[in-house]
Structures are given as C-alpha cells and as structure tokens.
Novice: 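Input: one structure, supplied below.
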Amino acid sequence: IKGKPMHKSKGNFVTLKNAIEKYGADATRCGLLLAAEEMDDPDWRDENLRDISSKIESFYNLADSIIKMKTKGETGHLEEWLISTIQHEVKKVTENIETLKTRTAIENAFYEIWNDFRWYMRRKEESHTETLKEALEIWTRLLAPFMPYVCEEVWSKMNKKGFVALAEWPTFNEKKVNMKAEETENLVTNVLEDTSNILRATKITPKRICYYSAASWKWKIYLRALEKSVALKIVLSNFMKELMKDSELHKIAEKVAKFASQAIAEINEMPEEKKRRQLQIGAINEQETLAEATKFFKREFNAKIATYREDDTKRYDPKKRAELAKPYRPAIYIE
C-alpha cells in the first residue's frame, strides 16, 4: 500500500505513508480502525485523521494534567458513578474486540470514556484525584491496543512498571458497578437537559430556577406499580383498590388516582430491563441529589437555584409547579 492512494475525498489524496509522517502512527492506526467495520466500505479521510490526531493530543494533555494533580477532593456518588460507568465500557470494549468489531471497540474505549471524564470534571468543582487516577489507569490499558505510543508515554508518566502493552487487560468488575450512583447522576443530566430545553423554547434569561422533587407517596405508588408490572400489565381499577387499602393514600384518593393513571401508562410501556433496574435501586433521594447539584446548576445557568420537596409547605412555588413532580422527573419553575 506504500505510496498508493487509499481513498479520494473531495479532491484530496491521502496515502498511508504520508498519514504516518503527517499525523503519527497512533492517529493513523486509529484512523484505519475507525474507517470501516465488517462489510462497511472504508471511509479514509484526511479530515478524519486531523480530528483523531487532535483528540489524541487532548487525551495526552488531560492524562498529563491528572497525573500532575495533587491529592484533593472528596468522594461521593460522582466518583462511584465514574468508576461504575467505566466498568460498563470495559465490558463493551472487551466483547467487541473478541468479535473483531474494532471500530465499535475504539469508539467505546476512546470517545465514550472521554465523555465520561469530561462530564465528571464539568460536574465536580474539585475533582477527587485518586479516583481520576484509578480511572485513567483503566482507560490507558483499554486504549493501548489502539494508540500504543501515547499510552506507553502516559503509562511511564504514571510511574507504572514495565510496558502498558504487557500490562494485564482490564476485566469487568461487577462489584464496582453502582446502579444507584448511575441513576442518581442520570437524574442530574436529565434535569439539566429539561431546563436547557425550556430555556431554548421560551428564550428566557433565568434569574431564579426552582426544582421540586416528588413527594414520598408518589414514590410509594410508583415502586408498587413497577413491582406489579414485571409480571403483567397493570389494570388501573384493580391497582386503585389495592392502593386504597393504605390509609395514607386513601386520604388523598383523588390525587392518587390521577398520579397512578399517569404512572401505569408510563410503566406499561417501559422496557423490562429498565423496570428491574429501577426496582433493584428503589427510591432515590431526589431532594438530596438536587441540593448537592445546586452549585453545578448555578454555574450552568448563571441563576439562583432553589430545591424543594413537593410537599414542603415553605416552598417558593407561585405557579404551583410542584404538583407536577414525578419520580425521576422533578418539576421545574423558571423566572
């Protein structure tokens, strides 16, 4: 192939020899692996190599900054989330390599984990250094088959013995998977996205944003509905008869009927895997999660942030948005 054009793109010829000289062996290797998979036609483009080369350089700079970090930061659900999500990527990358799906493997190993690191550092004002270094070590070993030169450099900077190419391949550790931490962080990302969508639609420049987490009675109904739905579809009339046996729920029967109807419609359409996952996790302390993320939301939206429980009698709620709160879907008021 040496010196022979492999692909013509918009009038530009890219040769393998020139690609290595111009962008380096790691970028060229990744470009080849990303160009096609299985029976797809290869997509070998100069602009793709430029982008890959830039991202590899960014990875090296990020790794270098993490290695140089002094010990700081505190641990919380975000650290558990980062390590947990990387475990999923370890599993995906390993399975894809074993089935020779190299493009999918590198997409998971590089881009997906890159997004996880970026999100963690965006969320956390003061990163927990040891967690970042633990995650970086796993990440470097996953990337080594795809970009060996830069990974050897990073491995050396981490003061690891031997070569990363000879290091043990990361293995999926189910004990480090924390579904509750993952769902807790999903709540934050969903609230961020919902708020952003409202602001785009209304073109409001927010001064104050209020978030209202669902009342405990809604969680009780939601989890009961989830439990029943695993075996069969729920019928509202039968479900209401059962709910009315609960003295607490009987007192607010009208509200219960309205919410139960909404919850059943949503749950009956939910994938079985998601049902079992949420059942295993149980109720999430949404108020605590939103309160913890207050500084983050303030940075993102440059506005005052307040969080309340739906049944907080002292809440600020001029438009009565709190009653719209659902499990996993806090209500939002913006002014």
Side-chain angles (χ1 to χ4, degrees), residues 66 69-88 113 115-135 176-199 206-220 222-223 274 277-278 280-317 321-335:
I66 292 172
M69 281 182 180
K70 294 181 180 178
T71 302
K72 61 179 181 179
E74 298 179 355
T75 58
H77 88 267
L78 263 171
E79 284 66 37
E80 293 174 339
W81 168 84
L82 179 61
I83 297 301
S84 184
T85 54
I86 285 180
Q87 291 304 313
H88 295 304
I113 296 180
N115 289 336
D116 293 337
F117 269 77
R118 286 177 62 191
W119 175 255
Y120 173 83
M121 298 179 83
R122 176 180 171 187
R123 275 278 282 123
K124 192 97 175 189
E125 278 190 295
E126 190 174 66
S127 301
H128 185 253
T129 309
E130 294 307 313
T131 299
L132 275 178
K133 289 182 177 179
E134 178 186 350
K176 291 188 176 183
V177 172
N178 189 320
M179 289 191 294
K180 193 155 193 171
E182 290 178 29
E183 286 298 326
T184 298
E185 197 54 25
N186 284 341
L187 174 69
V188 176
T189 58
N190 290 337
V191 167
L192 178 72
E193 184 178 350
D194 288 346
T195 307
S196 298
N197 289 338
I198 293 171
L199 294 176
K207 294 181 180 179
R208 186 205 310 241
I209 303 174
C210 299
Y211 296 119
Y212 311 97
S213 54
S216 58
W217 64 266
K218 287 184 177 178
W219 273 101
K220 183 187 290 187
Y222 186 79
L223 292 175
K274 186 175 180 180
R277 180 183 175 92
Q278 290 188 355
Q280 186 174 344
I281 293 168
I284 291 177
N285 191 332
E286 294 181 328
Q287 168 59 16
E288 182 180 280
T289 300
L290 294 172
E292 180 275 330
T294 295
K295 290 183 179 178
F296 169 66
F297 291 133
K298 186 177 181 180
R299 293 197 307 271
E300 292 291 314
F301 300 118
N302 192 28
K304 292 181 179 179
I305 307 294
T307 63
Y308 304 96
R309 295 186 189 277
E310 177 185 352
D311 48 8
D312 184 349
T313 57
K314 296 181 180 179
R315 69 181 185 272
Y316 179 75
D317 187 16
R321 300 291 189 195
E323 64 187 32
L324 301 176
K326 301 177 183 178
Y328 292 103
R329 291 295 298 274
I332 304 170
Y333 170 69
I334 301 175
E335 63 179 19

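Residue numbers run from 1 in the order of the sequence given.
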Novice: Could you tell me whether D317 and R315 make a salt bridge, using a distance below 4.0 angstrom between a side-chain N and a carboxylate O?
Specialist: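 Salt bridge: yes.
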Novice: Output, in order, the C-alpha distance, side-chain angles, deciding distance and verdict of side-chain contact (heavy atoms from CB on, under 4.5 Å) for I334 and R208.
Specialist: CA-CA 6 Å; I334 301 175; R208 186 205 310 241; over 6 Å; no
Novice: If I take atom OG from residue S213 and atom CD from residue Q287, how far apart are they, to the nearest 0.5 angstrom?
Specialist: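 Result: 4.5 Å between the selected atoms.
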Novice: Would E335 and K207 count as a side-chain contact (heavy atoms from CB on, under 4.5 Å) here? Give the steps.
Specialist: CA-CA 6 Å; E335 63 179 19; K207 294 181 180 179; 5.5 Å; no
Novice: Under 3.5 Å, is there a donor-acceptor pair between the side chain of T129 and the main chain of K70?
Specialist: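 It does hold such a pair.
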Novice: Using the side chain to side chain contact (heavy atoms under 4.5 Å, CB included) definition, which of the options N197, I198, L199 pairs with T195?
Specialist: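 One option only clears the test, and that one is L199.
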Novice: K180 side chain to A283 main-chain N or O, any donor-acceptor pair under 3.5 Å?
Specialist: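 Pair found, side chain donor or acceptor close to backbone of A283.
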Novice: Are K304 and I209 close enough that some pair of their side-chain heavy atoms sits under 4.5 Å apart?
Specialist: no
Novice: Going through the checks in order, is the side-chain hydrogen bond (donor to acceptor under 3.5 Å, both in side chains) test met by E182 and T85?
Specialist: CA-CA 7 Å; E182 290 178 29; T85 54; over 6 Å; no
Novice: Flag the pair F296 / K124 as yes when at least one side-chain heavy-atom distance between them is below 4.5 Å, and no otherwise.
Specialist: no
Novice: Flag the pair R123 and E292 as a salt bridge only when some basic side-chain nitrogen lies within less than 4.0 angstrom of an acidic carboxylate oxygen.
Specialist: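 The answer is yes: the pair qualifies as a salt bridge.
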Novice: I need the minimum non-hydrogen distance between Y316 and Y212, along with the two atoms involved.
Specialist: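 Nearest pair, atom of Y316 first, then Y212: O-OH, 2.6 Å.
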Novice: Considering all heavy atoms of both residues, which atom of S84 and which atom of V177 are nearest to each other, and what is their separation?
Specialist: OG-CA, 3.4 Å
Novice: Do F117 and W81 have ring centres separated by under 6.0 Å?
Specialist: no
Novice: Got more than 12 heavy atoms from elsewhere within 6.0 Å of CZ, R299?
Specialist: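 It does: R299 CZ has more than 12 such atoms within range.
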Novice: Look up atom NZ in K295 and atom CD1 in I305, then write down how far apart they are to the nearest 0.5 Å.
Specialist: 13.5 Å
Novice: Can you confirm whether P330 sits close enough to L290 that some side-chain heavy atom of one is under 4.5 Å from a side-chain heavy atom of the other?
Specialist: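 The answer is yes, as the side chains (C-beta and beyond) meet within the 4.5 Å cut-off.
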Novice: Decide yes or no on side-chain contact (heavy atoms from CB on, under 4.5 Å) for L132 and L82, but give the supporting numbers first.
Specialist: CA-CA 9 Å; L132 275 178; L82 179 61; 4.1 Å; yes
Novice: Taking C-beta and beyond as the side chain, do Y308 and C210 meet within less than 4.5 Å on heavy atoms?
Specialist: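 In contact.
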Novice: Give the minimum heavy-atom separation between F301 and P206, together with the two atoms involved.
Specialist: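 That closest heavy-atom pairing would be O-CG, 3.8 Å.
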Novice: Quick one: are R329 and N190 in side-chain contact, heavy atoms under 4.5 Å?
Specialist: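 With C-beta onward as the side chain, the pair stays apart.
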Novice: Between W217 and Y222, is the gap from one ring center to the other below 6.0 Å?
Specialist: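 Between Y222 and W217, which both carry aromatic rings, the centre distance is not below 6.0 Å.
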Novice: Rounded to the nearest 0.5 Å, how far does OG1 of T184 lie from CG of N285?
Specialist: 9.0 Å
Novice: Any idea which heavy atoms bring S127 and M121 closest together, and the distance?
Specialist: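 Between these two residues, the closest heavy atoms are OG-CG, 4.2 Å.
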Novice: Looking at E80 and K176, is any side-chain nitrogen of the basic one under 4.0 Å from a carboxylate oxygen of the acidic one?
Specialist: no
Novice: Below 4.5 Å, heavy atoms only, C-beta onward: do T289 and E185 meet side chain to side chain?
Specialist: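 Result no, sub-4.5 Å side-chain heavy-atom pair not found.
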Novice: Would you say that more than 12 heavy atoms from the other residues, nucleotides or ligands in this model lie under 6.0 Å from the CD of Q280, or not?
Specialist: no
Novice: What is the minimum heavy-atom distance between A214 and K326, and which atoms define it?
Specialist: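 Closest approach of A214 to K326: CB-C, 3.5 Å.
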Novice: Could you report the tightest heavy-atom contact between Y333 and R321, atom names first, then the distance?
Specialist: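 Minimum heavy-atom contact is CB-CG, 3.8 Å.
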Novice: Would you please classify the geometry between the F297 ring and the Y211 ring as parallel, tilted or perpendicular, with 30° and 60° separating the classes?
Specialist: tilted
Novice: May I ask you to say whether E310 pairs ionically with K218, meaning some side-chain N is under 4.0 Å from a carboxylate O?
Specialist: yes
Novice: With rounding to the nearest 0.5 Å, note down the distance linking CE in M179 to CZ in R277.
Specialist: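 Separation between the atoms: 6.0 Å.
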Novice: Enter the distance from H77:NE2 to I284:CD1 here, rounded to the nearest 0.5 Å.
Specialist: 9.5 Å
Novice: Return the CD1 to OG1 distance between I66 and T131, rounded to the nearest 0.5 Å.
Specialist: 11.0 Å
Novice: side-chain contact (heavy atoms from CB on, under 4.5 Å) for Y120 and E79? Distances and angles first, verdict last.
Specialist: CA-CA 8 Å; Y120 173 83; E79 284 66 37; 2.4 Å; yes
